[in-house]
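Below is the structure I would like to discuss, written out as structure tokens.
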Amino acid sequence: MNEAADQIFATLKQSSQSGAPLYLQLRKSIEDAVNRGLIGPGDALPSERDIAIKADISRVTVRKAVQDLVKGGILVQRHGSGTFVAPRMERVEQSLSRLTSFTEDMARRGMAVRSTWLDRGLYAPSPDEMMVLGLPSNELVARVARLRIANDTPLAIERAALSASVLPDPAGIGSSLYAALETTGLRPVRAVQRISAANLGDDDARLLEVPPGIAGLHIERISYLASGKVIEFTRSIYRGDAYDFVAELRLSGPGEEGRP
Ligand code: 16G
């Protein structure tokens, strides 16, 4: 690390003519060192004091740069033991052309899947749930909210809503919602998924073990039975540092121009 630290501060000296505030220059130097692999996941950063002495800047400036990098998920601070380069997430590449379940997706990659329950039960439906699931106000909605974990890394928070007539016992689904729906012949065959950018709030960030405010993906899936009936309305937050959603695009054939 000493050698790497020297290189970080060498870059800092080179860039010190750039006129940018010192803490931004230091932040960039550390970030570059991580991106170039000079310091790797799990490596300890020198103490605030050592950095300040080596780079000849104040400890307040060092602290500001380090705090920014902790907020951005580049560094992690462990109470009492110092500051480290954050572990690198093995990114999951997820195809957008197949309707699969989280359990199937992770099992296919040889990852061990588990979930922590955040909520499961029957409730009076919200206006959104009534509209999407086509529920009358006097019927109940089954809610299944889980933190989805693969190889001990929390990847997503999924909040599914289904009609209580489809899922009268939300606590009884076991480890896979789609497997439970399959046993009653109600597994969806088609889905529409909407993905948008989201900055994680404090509670979601804590569950996903990432710094608050970091980029995430908000995903809404509405899935259908072959009959066209909506069966599932799921709103999820996925870690932005863990997922790449990949869609295959084809040139449309003759006569298909403009078809959705
Ligand atoms: C996927 C789906 C989610 C579905 C779940 C079922 C996305 C964004 N979401 O994670 O809508 O409820 O699979 O998984 O792909 P399970 O059968 O393992 O419970």
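When a ligand or atom number is given, it counts from 1 through the structure's own listing order. The first residue of the sequence shown is numbered 1, and numbering continues consecutively from there.
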Do the charged groups of D128 and R235 touch, with an N to O distance under 4.0 Å? yes

Side chains of S115 and R148: donor-acceptor distance under 3.5 Å anywhere? yes

Side chains of S236 and T234: donor-acceptor distance under 3.5 Å anywhere? no

Ignoring hydrogens and geometry beyond distance, is a side-chain donor-acceptor pair present between D244 and Q94 at under 3.5 Å? no

Close side-chain approach of I74 to I30, heavy-atom, < 4.5 Å: no

Between E158 and Y238, is there a side-chain donor-acceptor contact under 3.5 Å, judged purely by atom types and distance? yes

Taking only heavy atoms of the protein into account, state which residues are under 4.0 angstrom from an atom of ligand 1, in chain and number order. S101, F102, T103, R146, R148, E158, S176, L177, Y178, Q193, I219, R221, E232, T234, Y238

